[in-house]
Amino acid sequence: MKGLSRTHYCGDVRSEQVGEEVTLMGWVQRRRDHGGVIFVDLRDRFGLVQVVFSPEVSEPMFEVANDLRKEYVIALKAEVRARPDGMVNEDLKTGEIEVYATELHILDEANTPPIFIEDEINSGEEMRLKYRYLDLRRKPMQDNLILRHKVKKAVRDYLDSNDFLEIETPILTKSTPEGARDYLVPSRVNGGKFFALPQSPQLFKQLLMVSGMERYYQITRCFRDEDLRADRQPEFTQIDLEVSFMNMDEILSLVEGMIQEIFVSVGYDKPEDFPHITYKEAMDRFGSDRPDMRFEMELIDISEVVKDSQFKVFSGTVAKGGQVKGINAKGCADFSRKNIDDLTDYVGIYGAKGLAWIKVEEDGIKSQIAKFLSEEELDNIVSTMGGEAGDLLLFVADSPKVVAASLGNLRLKLAKGLELIDEGKFEFVWVTDFPLFEWDEDEKRYVSLHHPFTMPKDEDMDLLEGDADKVLSQAYDLVLNGIEIGGGSIRINDSELQEKIFNLLNMKEDEIEEKFGFLLEAFKYGAPPHGGIAFGLDRLVMLLGGLESIRDVIAFPKTQRATCLLTEAPSFVDQKQLEELSLEVDIEIEEE
RNA sequence: GGGGAUGUGGUGGAGUUGGUUACCACGCCGGCCUGUCACGCCGGAGGUCGCGAGUUCGAGUCUCGUCAUCCUCGCCA
């Protein structure tokens, strides 16, 4: 660094330093050449400061300043001066001063960057990902990573003060059945065998409870080889924790404290309300197990009202065990045919075969289904739906699953379109009382809704014999603004009950022994009651930052095809590497 | 695996019913300028229109295929 030693960050120079000599380092944001004087905005992580180069100070230095271009890395000595009258820049934290360069060194030249280093996004995401290191020079991206850091620090401070220990668990671990597809890692030493990257540290954290660690946490990477979304990456970060000797309510209030600490530490109001809703109620009222509580527009069941109607689409669906539900789009009676057709297409994505509508207008009802319904039935429907003049009532008749998915998502779409959502608001809700099992039609067996280590509710234990699909679990999800940010459960700590659950999942004795024998064995040596939860750090930071995608809070995220545009991973490997790993690749490798 | 959107100089976009030399902004290069801060002014360079076929006298534009990025259904214990 040409023997210089940095004395200040660019963004930190203030009027107090007027008259002092400072040594600054950073990147050239912009150069303004006025012939006789050159201004350079110098940028580092902490801000911008205006540097003035004058030939009167040093002719050779001025010549060097002439060669400066965007993103050159420079070091300089300069005198801090107050700006002349009327020259103060209100938009800059350092706007009251400028620094007069006395010595200038170019530490590294720079090619013209392919994307602009500006606060506003001026490039497509493909460019931003390919040149991620440049995208990360932009202040909004730096702010996102700073926010992420603050959240992690708040988590560590809070959990540390509550006697939690941060303990690492293996990244190379064992493939498990159930759940998401594993990322596999071949073992060279044990040819033909594979490690799996963890989908979560679930089994290890339970073993740590058997070890008597009592309170464990870890901010750790998890891997799932499934298709990506705006809020799903193949590797993502969990705030994972587990405690012994706490019941569900105690765990929930413990983590509510953590959430409060996080919010306060990043400058938001402390959230106070963490209401509870059961899974069933969430599905009934919102058509989702992660309801967005920032607005109303709940789903209303009209099955009883229409079950005997002449309109076969409604009555027939009810007769077959389906349901008819609707939502009331307040004030939307002026929607055009085209609008409604679009909404019909939209619910089609979720399997709905149609979307019935009723417009409630001053002079009566307008509806494509009015002719199939009696006046009394129509009146009944409108009053059940709370319909008033100006409202648009929208209905789906189908299986409960399709009704929930289509109306639940329609509710969200309408709310966004009608701007019913206060974007500055944070609304939490705990979803509890999840079913323990779900019937898998493809595999013709029960699968765990949460995971196989989840404790059934005490009062449902006897239902395990014969009525397994009715058993509720001691599982809980924390939902924020319609996004699941955390989920956990009280775990089974009894090897006999655990074996019974495995059996209900139709797992064979030898499979249980091979996959989970070590866990069942561990539970025979005194396992404390325990439970825990894992938060999706990326999603949480995304929400706190008011962002649309977790890619914006991950330094080097993957594309939707699960590739890295920067490193071009994944890639083919040498034949020699494959041979060492006892692997053969069964696809044509295209010539470069 | 399915549905949808997008792809045009370095970047972001426009490009009509298929028809002269593909346009604009920013950026870049050169010149001028001692108070700018998205500096200004003058001049200049820079394009296989993602890729491959097809239709046509003629394709950025139409058709088919393919690749990439994004949104999404399935999937995600």
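Basis for what follows: all heavy atoms, side chains included, without hydrogens, waters or symmetry-related copies. Keep in mind it's a predicted model, so treat the numbers as computed, not measured. Throughout, a chain's letter reflects where its sequence line sits, starting with A, and its residues are numbered from 1.
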C1'-based separation of rU55(B) from rU61(B) [nearest Å]
14 Å
Separation of atom CD in Glu118(A) from atom P in rC37(B), rounded to whole Å:
15 Å
Is the ring pair Phe453(A)/Phe502(A) parallel, tilted or perpendicular, if the boundaries are 30 and 60 degrees?
perpendicular
Is a donor-acceptor contact shorter than 3.5 angstrom present between the side chain of Asp41(A) and the base of rC37(B)?
no
Pick the P atom in rC67(B) and in rC26(B), then give their distance to the nearest Å.
38 Å
Can you measure Glu96(A) atom CD to rG35(B) atom P for me and round it to whole angstrom units?
22 Å
Is the shortest side-chain N to carboxylate O distance from Glu441(A) to Lys444(A) below 4.0 Å?
yes
Assign the ring pair Phe437(A) / Tyr446(A) to parallel, tilted or perpendicular, where the plane angle (0 to 90°) is split at 30° and 60°.
tilted
When both hydrogen-bonding distances must be under 3.5 Å and the geometry is Watson-Crick or G-U wobble, what is rC23(B) paired with, if anything?
rG13(B)
Go nucleotide by nucleotide along RNA chain B from the 5' end; which of Arg81(A) and Asn122(A) gets its closest nucleotide reached first?
Asn122(A)
Close residues, residues 509-519 of chain A, relative to RNA chain B [heavy-atom separation under 4.0 Å]:
none
Only counting residues at least two apart or in another chain, list the ones meeting side-chain contact (heavy atoms from CB on, under 4.5 Å) with Ala404(A).
Met283(A)
Give the rounded distance in Å between these two atoms: CG of Asp442(A) and P of rC75(B).
8 Å
In terms of side-chain geometry, is the basic nitrogen of Lys470(A) or Asp460(A) positioned less than 4.0 Å from the acidic oxygen of its partner?
no
At a heavy-atom distance below 4.0 Å, what parts of residues 487-502 of chain A sit against RNA chain B?
none
Check whether the side chain of Glu98(A) and the base of rG35(B) form a donor-acceptor pair under 3.5 Å.
yes
Got a salt bridge between Asp33(A) and Arg31(A), using NZ or NE/NH1/NH2 to carboxylate O under 4.0 Å?
yes
Which whole number of Å gives the distance between the C1' atom of rG9(B) and that of rA25(B)?
13 Å
Would you say rC75(B) has OP1 or OP2 under 4.0 Å from some side-chain N or O of Arg224(A)?
no
pair_partner(rG18(B)), Watson-Crick or wobble, both distances < 3.5 Å, evaluates to none
Without decimals, in angstroms, what is the distance between Met127(A) CE and rG50(B) P?
14 Å
Do side-chain atoms of Gln474(A) reach the backbone of Pro456(A) as a donor and acceptor pair under 3.5 angstrom?
yes
Letter per nucleotide, 5' to 3', of nucleotides 68-73 of chain B [B base touched, S only sugar-phosphate touched, - untouched; heavy atoms, 4.0 Å]
SSBBBB
Quick one: what's the B/S/- string for nucleotides 23-32 of chain B, heavy-atom cutoff under 4.0 Å, read 5' to 3'?
---BSSSS--
Using atom P in both nucleotides, what's the gap between rU16(B) and rG7(B) to the nearest angstrom?
12 Å
Considering every strand shown, what is the Watson-Crick or G-U wobble mate of rC64(B) when both distances are under 3.5 Å?
rG52(B)
Touch check for Tyr183(A), heavy atoms < 4.0 angstrom, all strands: base, sugar-phosphate only, or nothing?
nothing
May I ask you to say whether Arg491(A) pairs ionically with Glu242(A), meaning some side-chain N is under 4.0 Å from a carboxylate O?
yes
Determine the interatomic distance between P on rU8(B) and the same-named atom on rU69(B); round to the nearest Å.
15 Å
Round to a whole Å and report the spacing from CZ of Arg539(A) to P of rC76(B).
14 Å
Tell me what Ser200(A) touches on the nucleic acid: a base, only sugar-phosphate, or nothing, going by heavy atoms under 4.0 Å.
base
Centroid-centroid distance, Phe434(A) to Tyr279(A), less than 6.0 Å
yes
Please determine whether a side-chain nitrogen or oxygen atom of Arg32(A) lies at a distance below 4.0 Å from atom OP1 or OP2 of rU36(B).
no
Quantified in whole Å, what is the C1' atom distance between nucleotide rG40(B) and nucleotide rG4(B)?
46 Å
Any heavy-atom pair between the side chains of Arg132(A) and Cys564(A) that's under 4.5 Å?
no
Tyr216(A)/Gln218(A) under side chain to side chain donor-acceptor pair (under 3.5 Å): CA gap, chis, key distance, verdict
CA-CA 7 Å; Tyr216(A) 142 94; Gln218(A) 188 179 192; 2.7 Å; yes
Cation-pi geometry met for Lys413(A) and Tyr346(A) (6.0 Å, 45°):
yes
Provide, to the nearest angstrom, the distance between the CD1 atom belonging to Ile115(A) and the P atom belonging to rG13(B).
14 Å
Counting the benzene-type ring for Trp, do Tyr72(A) and Trp27(A) have ring centres under 6.0 Å apart?
no
Atom pairs, protein N/O to nucleotides 44-49 of chain B N/O, distance under 3.5 Å:
none

Modelled atom types, side-chain donor and acceptor of Thr94(A) and Gln50(A), under 3.5 Å:
no
Could you tell me whether Glu484(A) and Arg290(A) have a side-chain N and a carboxylate O separated by less than 4.0 Å?
no
Do you see a donor-acceptor pair shorter than 3.5 Å between the side chains of Asp182(A) and Ser175(A)?
yes
Distance check, P atoms only: rC70(B) and rG13(B), in whole angstrom units.
15 Å
Main chain of Asp91(A), side chain of Asn89(A): is a donor-acceptor contact present, judged purely on distance under 3.5 Å?
yes
Derivation and outcome, side chain to side chain donor-acceptor pair (under 3.5 Å), residues Asp341(A) and Thr344(A)
CA-CA 5 Å; Asp341(A) 283 349; Thr344(A) 307; 4.8 Å; no
Atom-to-atom span, CD1 of Ile483(A) to P of rC76(B) - whole angstrom
20 Å
Pairing of Glu226(A) and Arg224(A) as salt bridge, 4.0 angstrom limit
no
Walking RNA chain B from its 5' end, the first of Gly124(A) and Glu56(A) to be reached, judged by nearest nucleotide, is Gly124(A)
Should rC70(B) form a Watson-Crick or G-U wobble pair with both distances under 3.5 Å, which nucleotide is its partner?
rG4(B)
Rounded to whole Å, please give me the gap between CG in Asp91(A) and P in rC39(B).
12 Å
Take atom P in rC62(B) and the same atom in rG15(B), then report the distance between them in whole Å.
12 Å
